[in-house]
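Everything on this sheet refers to the single structure shown next.
Excluded from the calculations below are hydrogen atoms, water molecules and symmetry mates; all remaining heavy atoms, backbone and side chain alike, are included.
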Amino acid sequence: MITSRAMKLTVFTAVLLAVTAFRYLPQASAQAAPQVASSWKQIPIPPLPAFHPPQPKRVELANGMVIFLQEDHELPLIDGFARIRGGSVNEPAAKRGLVDIYGEVWRTGGTKSQTGDQLDDFLEIRAAKVETEGGSDSTTLSFSCLKGDLDDVFKIFADLLQNPEFRADKIDIAQKGEYDGISRRNDEPSEIAYRESVKLAYGADNPYARVPEYATVAAVTRQDLLDWHAKYVHPNNIILGISGDFDSATMEARLRAAFDAWPKGPAAPKNEIQYSPAKPGYYLIPKEDVNQSNINMVALGITRDNPDYYAVSVFNQVFGGGFSSRLFNDIRTKRGLAYGVGGGIGTNFGRPGILQIEMGTKSQSTIEAIQAVREDIDNLARQPITDEEIQRAKDAILNAFVFRLDSPDKILGERMVYEYYGYPPDWLDRYQAEIKKVTAADVNRVAAKYLHKDQLAVLVVGNTKDFDKPLSSLGAVKEIDITIPPPPASATSP
């Protein structure tokens, strides 16, 4: 029986490499006896070959716009993606939801010369897309089209970038969509658990944890959208990536002609964000209409420029990263306590990740499941992670690495992320080598450094009357109120 996803990937990679290599071996004589391995464990596994994906060309205009060009001639398609500094972390707390509305109406509201509906009709007959979206750290504008339609589609892209209209009727539709989302945000226990665990990890008032309310959405006006665009959408705040079937020199000339004369604007403000994790302990959200508990154990994680990042990556794979992880093998396979369980020390590029262990278990095993995870954390000290576990985790990470970069657009996307967050251009090039260097001592050190059961905020969303024991049997419990504040009259009036 194949015992892990890592082993599957390793064996698959070995067999694939072996079959490829066989094509180039000298032909054996007819009399030579075939060599047959008595066990799959005897199949030699050669080291993975060096992987150096082609990097996009970087161009910086005089006005500060950064452009990446990634040629891909496999299909006659061209995709573009502009990432603009400034996201929901920058919106006023009294107008939470502004960037969500902006990200929708930027496209649906059309430009000064064409409505969003007219753009829909124009793009549909060309099987093309131009889309906008708001995010936590940035907003984005993208396009996708056939090579032959680039001229027409790029004109729309550039026009939306510089001349959006934000028509009032589309703002009204976007606000109503936000109201609908607010009204349904407590329907799914898993969504409740995720949302509230972010608040516990970052602090309820942290801009990464805030959520829109009826009143904050109702407060957003068309002028707010115009002001946001005027404040943030300037060439020196934009990273633009183009991938597809084009000649880089020709595309660069096109982009220079479109954007060289665009004057530089004020730089986007730097985010000065404070993180105030909740006190360790137990937090409860009673929900009587469910028969299982969603459990999230959280604390603050690290950023990816932390020197411990590579050891943490290996630790996460060993401890909670898949079907062969310690958590899965113990909590689900051996004890049968959870349908799904996993997690680790979270990492992010621009902000600390969330250290999180999450699982779902039937209501009647809620307390037992929490105690089991606490035991698994204790076992990290009593039974340190072994060299065998480390190797299996490395194999899983390195064998899966190529799938992060198996297409030119993925390579481009990665490179744009490094540019956006100020990571060195060769950050990914070092990834494989750094993972290979990680030792068991490194992994056990970061486990002891970051993961402590008594420093976790444990959130339970579940039906308390069906718990095997009261949650208070583990310690003091704070109940979290998730009542949705009612809408103002302006949000409900016809």
Asn206/Gln274 under side chain to side chain donor-acceptor pair (under 3.5 Å): CA gap, chis, key distance, verdict: CA-CA 7 Å; Asn206 185 283; Gln274 301 298 318; over 6 Å; no
Stepwise salt bridge (charged side-chain N to carboxylate O under 4.0 Å, His left out) check, Asp205 with Arg210: CA-CA 6 Å; Asp205 294 326; Arg210 294 187 307 223; over 6 Å; no
Verdict with reasoning, Glu419 to Arg415, per salt bridge (charged side-chain N to carboxylate O under 4.0 Å, His left out): CA-CA 6 Å; Glu419 180 78 26; Arg415 186 65 182 83; 3.7 Å; yes
Gln391 and Asp395: CA distance, side-chain angles, deciding distance, side chain to side chain donor-acceptor pair (under 3.5 Å) verdict: CA-CA 6 Å; Gln391 190 57 53; Asp395 287 343; 3.0 Å; yes
Audit row: Leu459, Val298, side chain to side chain contact (heavy atoms under 4.5 Å, CB included) steps and yes/no: CA-CA 8 Å; Leu459 173 66; Val298 300; over 6 Å; no
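Seen from the ring of Phe349, Arg351 does not count as a face-on cation partner, given the 6.0 Å and 45° thresholds.
Classified by interplanar angle (parallel below 30°, tilted 30° to 60°, perpendicular above 60°), the ring pair Trp427/Tyr423 is perpendicular. The aromatic rings of Tyr208 and Tyr202 sit tilted, their planes meeting at an angle between 30° and 60°.
Tyr309 places no side-chain N or O within 3.5 Å of a backbone atom of Ile302 that could act as its donor or acceptor partner. No donor-acceptor pair under 3.5 Å is formed between the side chain of Arg332 and the backbone N or O of Leu327. Remark: side-chain polar atoms of Arg96 are paired, donor with acceptor, to backbone N or O of Val211 under 3.5 angstrom. Asn63 places a side-chain N or O within 3.5 Å of a backbone atom of Met65 that can act as its donor or acceptor partner. Remark: the backbone N or O of Ala268 is not paired with any side-chain donor or acceptor of Asn236 at under 3.5 angstrom. A donor-acceptor pair under 3.5 Å is formed between the side chain of Glu91 and the backbone N or O of Leu98. The backbone N or O of Val438 sits less than 3.5 Å from a side-chain atom of Lys394, completing a donor-acceptor pair. The closest donor-acceptor contact from the side chain of Ser197 to the backbone of Tyr194 lies under 3.5 Å. A donor-acceptor pair under 3.5 Å is absent between the side-chain atoms of Thr216 and the main chain of Pro212, judged by distance alone. In terms of modelled atom types and a separation under 3.5 Å, the side chain of Asn348 and the main chain of Thr303 share no donor-acceptor contact.
For Asp120, the salt bridge (Lys or Arg N to Asp or Glu O under 4.0 Å) criterion is met by Arg107, not counting sequence neighbours. In this structure Lys147 satisfies the side chain to side chain contact (heavy atoms under 4.5 Å, CB included) test together with Pro76, Ile78, Asp245, sequence neighbours excluded. The salt bridge (Lys or Arg N to Asp or Glu O under 4.0 Å) check on Arg254 picks up Asp151, with sequence neighbours excluded. Residues that satisfy the ring pair (Phe, Tyr, Trp, His ring centres under 6.0 Å) test with Tyr431, not counting sequence neighbours, are Phe401. Every residue meeting the side chain to side chain contact (heavy atoms under 4.5 Å, CB included) condition with Pro408, not counting sequence neighbours, appears here in chain and number order: Gln70, Asp72. Listed by chain and number, the residues in a salt bridge (Lys or Arg N to Asp or Glu O under 4.0 Å) with Arg326 are Glu389 (sequence neighbours excluded). For Arg445, the salt bridge (Lys or Arg N to Asp or Glu O under 4.0 Å) partners two or more places apart in sequence, or in a different chain, are Asp308. By the ring pair (Phe, Tyr, Trp, His ring centres under 6.0 Å) test, Tyr339 is found to be paired with no residue, residues two or more places apart in sequence or in another chain being considered. With sequence neighbours excluded, the residues that form a side chain to side chain contact (heavy atoms under 4.5 Å, CB included) with Lys279 are Tyr283. Judged as a ring pair (Phe, Tyr, Trp, His ring centres under 6.0 Å), and not counting sequence neighbours, Phe246 has no contacts.
Aromatic ring centres of Phe166 and Trp228 lie farther apart than the 6.0 Å criterion allows. Aromatic ring centres of His229 and Trp106: separated by under 6.0 Å.
Taking every heavy atom of both residues into account, Tyr420 and Asp137 meet most closely at OH-O, 2.6 Å.
Electrostatic pairing of Lys410 and Glu414 does not count as a salt bridge here, judged by no charged N lying under 4.0 Å from a carboxylate O. In this structure, Glu252 pairs ionically with Arg256, as a charged nitrogen and a carboxylate oxygen lie closer than 4.0 Å. A salt bridge links Asp454 with Arg374: at least one charged nitrogen is closer than 4.0 Å to a carboxylate oxygen. For Arg58 and Glu60, the salt-bridge test passes: some basic side-chain N is under 4.0 Å from an acidic carboxylate O. With salt bridges taken as basic N to acidic carboxylate O contacts below 4.0 Å, one links Asp426 and Arg430.
Here the straight-line distance linking atom CD of Glu191 with atom CG of Asn294 works out to 10.5 Å at 0.5 Å rounding. Residue Ile411 holds its CD1 atom at 13.5 Å from CZ of Phe68, rounded to the nearest 0.5 Å.
Residues Ser248 and Glu71 bring a donor and an acceptor atom of their side chains to less than 3.5 Å of each other.
Identified under the side-chain hydrogen bond (donor to acceptor under 3.5 Å, both in side chains) test for residues 76-90, with sequence neighbours left out: Asp79-Ser144, Arg83-Ser138, Arg83-Tyr421, Asn90-Asn271. For the salt bridge (charged side-chain N to carboxylate O under 4.0 Å, His left out) condition, the pairs that include at least one residue of residues 221-235, sequence neighbours left out, are Lys95-Asp224, Glu165-Arg222.
Heavy-atom contacts from other residues, nucleotides or ligands closer than 6.0 Å to NZ of Lys270 number 12 or fewer.
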